[in-house]
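What you are looking at is a predicted structure, and each value in this text was computed from that prediction instead of being measured.
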Amino acid sequence: MRQEFHRLVVETRGKGLNMITRHVCAWVQETGIQNGLLTLWCRHTSASLTVQENADPTVRRDIAEFFDDLVPESRSYVHDDEGPDDMPAHLRTMLTDIQLTIPVMNGSPVLGTWQGVYLFEHRRTPHRREIVLHLLGE
């Protein structure tokens, strides 16, 4: 049994879903581990991780608009240290998650035909986000 770690840095352009599938799959293949369990951990409280549709970009737009409606920035929040998108970003992260676990078989993450791995940025301004990847297997 082996384990490998990697830090993936994602530069976001503001709110929205940022596809990281290619980077994740490439790193898994570089490790040489054929079968195991991949964990992705987002080191932030105002961005999250998700597996979602990877073919039609209108799905990502609809998801972003849904979250804007579900957790509006226009509501009055007590916590607004970094602006009106601060607390909504924390709430959106709670509704998604900061961790994913994906099985690895034959040297690749086991994703469905239309599944992609995304960093979901919840802040309006660009950010530099760090995701830790941990692969345990053989």
Side-chain angles (χ1 to χ4, degrees):
M1 194 68 69
R2 280 182 42 219
Q3 63 179 330
E4 298 283 342
F5 287 92
H6 179 68
R7 285 194 172 102
L8 174 62
V9 175
V10 179
E11 303 282 345
T12 70
R13 292 186 224 153
K15 284 165 82 173
L17 290 142
N18 301 271
M19 187 181 289
I20 59 171
T21 313
R22 184 178 45 113
H23 303 290
V24 171
C25 290
W27 177 75
V28 168
Q29 289 177 354
E30 286 174 19
T31 68
I33 294 176
Q34 292 300 298
N35 299 296
L37 195 59
L38 172 65
T39 301
L40 294 85
W41 179 262
C42 180
R43 299 186 65 192
H44 305 278
T45 59
S46 56
S48 56
L49 297 168
T50 191
V51 172
Q52 210 25 268
E53 159 86 44
N54 68 359
D56 186 351
T58 62
V59 171
R60 295 188 295 277
R61 188 179 73 216
D62 287 343
I63 289 169
E65 289 176 4
F66 173 80
F67 272 85
D68 285 343
D69 292 342
L70 188 63
V71 186
E73 292 179 12
S74 60
R75 185 174 182 267
S76 177
Y77 297 98
V78 175
H79 177 75
D80 62 357
D81 294 352
E82 297 178 34
D85 68 338
D86 192 8
M87 190 60 209
H90 295 302
L91 293 171
R92 291 175 185 143
T93 298
M94 285 182 65
L95 294 171
T96 50
D97 209 343
I98 60 169
Q99 182 250 319
L100 295 174
T101 304
I102 304 171
V104 170
M105 286 176 42
N106 302 319
S108 295
V110 180
L111 295 169
T113 303
W114 306 113
Q115 289 182 320
V117 181
Y118 293 89
L119 170 74
F120 195 177
E121 176 62 68
H122 301 299
R123 300 298 304 270
R124 277 192 248 144
T125 58
H127 281 78
R128 180 182 172 96
R129 302 300 191 173
E130 184 177 301
I131 303 164
V132 175
L133 285 69
H134 175 230
L135 179 55
L136 180 64
E138 50 192 22

Verify same cluster id: [X], [Y] (apolar side-chain graph, 4.5 Å):
X: Leu95; Y: Val59; result: yes
X: Tyr118; Y: Leu8; result: no
X: Val10; Y: Val132; result: no
X: Ile98; Y: Leu17; result: no
X: Val24; Y: Val51; result: yes

Does any part of the side chain of [Y], heavy atoms only, come nearer than 4.5 Å to the side chain of [X], both counted from C-beta?
X: Arg75; Y: Pro88; answer: no
X: Glu121; Y: Arg123; answer: yes
X: Thr101; Y: Gln99; answer: yes
X: Leu49; Y: Leu119; answer: yes
X: Ile102; Y: Val117; answer: yes

Contact summary for [X] and [Y], nearest pair of heavy atoms:
X: Arg124; Y: Pro84; answer: NH2-CG, 3.1 Å
X: Ile131; Y: Leu133; answer: O-CD1, 3.7 Å
X: Gly107; Y: Val28; answer: O-CG1, 3.5 Å
X: Pro109; Y: Leu38; answer: CG-CD2, 4.3 Å

Has [X] got a side-chain atom pairing as donor or acceptor with [Y]'s backbone, closer than 3.5 angstrom?
X: Asn54; Y: Gln115; value: yes
X: Thr31; Y: Ile33; value: yes
X: Asn35; Y: Asn106; value: yes
X: Thr93; Y: Ala47; value: yes
X: Arg60; Y: Met19; value: no

**OP:** Hey, could you give me each pair passing salt bridge (Lys or Arg N to Asp or Glu O under 4.0 Å) that has a residue in residues 98-109? Not counting sequence neighbours.
**Re:**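 Salt bridge (Lys or Arg N to Asp or Glu O under 4.0 Å) check on residues 98-109 returns no pairs.
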### Query
Under the ring-ring contact (aromatic ring centres under 6.0 Å, His included) rule, what pairs show up with a residue in residues 13-50, not counting sequence neighbours?
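As it turns out, the ring-ring contact (aromatic ring centres under 6.0 Å, His included) pairs with a partner in residues 13-50, which skip direct neighbours, are His6-Trp27.
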| message | Applying ring-ring contact (aromatic ring centres under 6.0 Å, His included) as the test, list every pair that has at least one member in residues 75-112; sequence neighbours left out. | response |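 Sorted pair list: His79-His90.
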*Residues which pass ring-ring contact (aromatic ring centres under 6.0 Å, His included) with Phe120, listed by chain and number, not counting sequence neighbours*: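 So Phe120 forms a ring-ring contact (aromatic ring centres under 6.0 Å, His included) with Phe67, His122.
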Review point. Under the side chain to side chain donor-acceptor pair (under 3.5 Å) criterion, do Arg129 and Ser46 qualify, and how do the steps go?
Key: CA-CA 10 Å; Arg129 302 300 191 173; Ser46 56; 3.1 Å; yes
Worksheet item: Is the closest basic N to carboxylate O distance between Lys15 and Asp68 below 4.0 Å?
Response: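 Yes, charged N to carboxylate O under 4.0 Å.
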Count the heavy atoms belonging to other residues, nucleotides or ligands that lie under 6.0 Å from CD of Glu65, then report whether that count exceeds 12.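 It does: Glu65 CD has more than 12 such atoms within range.
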TODO: Just jot down the salt bridge (Lys or Arg N to Asp or Glu O under 4.0 Å) partners of Arg7, sequence neighbours excluded, or say none.
DONE: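 For Arg7, the residues satisfying salt bridge (Lys or Arg N to Asp or Glu O under 4.0 Å) (neighbours in sequence not counted) are Glu130.
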Mind checking side chain to side chain contact (heavy atoms under 4.5 Å, CB included) for Ala55 and listing every partner two or more places apart, or none if nothing turns up?
->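 Side chain to side chain contact (heavy atoms under 4.5 Å, CB included) list for Ala55, sorted by chain: Glu53, Trp114.
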